[in-house]
Amino acid sequence: MLDLDFNLTGFYGKTDEELAAAAKHDRSAAAALVSRYSDLILIKSEIFADSQSDTEDLRQEGLMSLLKAMEAFDPERGVKFSTFAEVCIVNRMRTVSAKTRKASAFPESVEYSELEDLLSDDKTPESIFLYKEFFTDLWKNIESVLSPAELKAFTLCVSGMSYKSVAEKLGITEKSVDNAMQRARCKIRALINE
């Protein structure tokens, strides 16, 4: 029988990053992080679920993703644990939810294999994969909210071009580039805050 008597009082003043580091060898630290992220897992599971049974499955997937995030978290990358954990949890729930929808939409005609977990034992490739997936989704969302002119200016500025160079390339004034960038920033900020 498992000993589930965790003493969490020693972890109240610790940051998530400190708990993630300790969780690799201390089950109480892992339990403290699970306690902190249980609301996030609950909320995200309800967002991605189509039914009550889906919600329960997604909660389990979220918990497993959180535990794997604890194992894989590398503070040297300069990313907050909360960001890393949320990306892991959301991506796993999104993948499982999409798989469930596809399987129920085409039960006889399509056979689906098990998708690999977003996190594996090797830390570097999974981190690269997670962040590529996260930024690919983010970029798609950015493209969907910006006008064509804003997207052109934003893309060129993000690639390192100055406002003057962007203005010359697009055949507009620097002020027009500045206005497009300000509108783009507002829209992207609103998108991220959602």
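A salt bridge is absent between K140 and E143; no separation between the charged side-chain nitrogens and carboxylate oxygens falls under 4.0 Å. At a threshold of 4.0 Å, the pair D16-K80 does not count as salt-bridged, since none of the basic side-chain nitrogens sits closer than that to a carboxylate oxygen.
Formation of a donor-acceptor pair under 3.5 Å by the E18 side chain with backbone atoms of T15 is found in this model. Judged purely by atom type and a 3.5 angstrom limit, S35 has no side-chain atom pairing as donor or acceptor with the backbone of A31. Judged purely by atom type and a 3.5 angstrom limit, E150 has no side-chain atom pairing as donor or acceptor with the backbone of A184.
With rounding to the nearest 0.5 angstrom, the CD atom of E61 is 13.0 Å from the SG atom of C88. Distance check: K24 NZ to F73 CZ gives 8.0 Å after rounding to the nearest 0.5 Å.
Both I47 and L63 belong to a common hydrophobic cluster when Ile, Leu, Val, Met, Phe, Trp and Tyr are linked at side-chain heavy-atom distances under 4.5 angstrom. Hydrophobic clustering, with ILVMFWY side chains joined whenever heavy atoms are under 4.5 angstrom apart, groups F154 together with V145.
Remark: Q182 pairs with D178, R185 by the side chain to side chain contact (heavy atoms under 4.5 Å, CB included) rule, at least two apart or across chains. In this view, S165 and M161, S162 satisfy the side chain to side chain contact (heavy atoms under 4.5 Å, CB included) rule, not counting sequence neighbours.
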Is there a side-chain contact (heavy atoms from CB on, under 4.5 Å) between Y163 and K175 once you walk through the steps?
-> CA-CA 9 Å; Y163 281 18; K175 182 62 178 162; over 6 Å; no

Mind running side-chain contact (heavy atoms from CB on, under 4.5 Å) on V166 and I172 for me, showing each step along the way?
-> CA-CA 8 Å; V166 172; I172 58 177; 5.6 Å; no

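Counting only heavy atoms from C-beta outward, the side chains of F81 and L19 never approach each other to under 4.5 Å.
Enclosure of atom NZ in K152 is not indicated, since only 12 or fewer non-hydrogen atoms of other residues, nucleotides or ligands lie within 6.0 angstrom.
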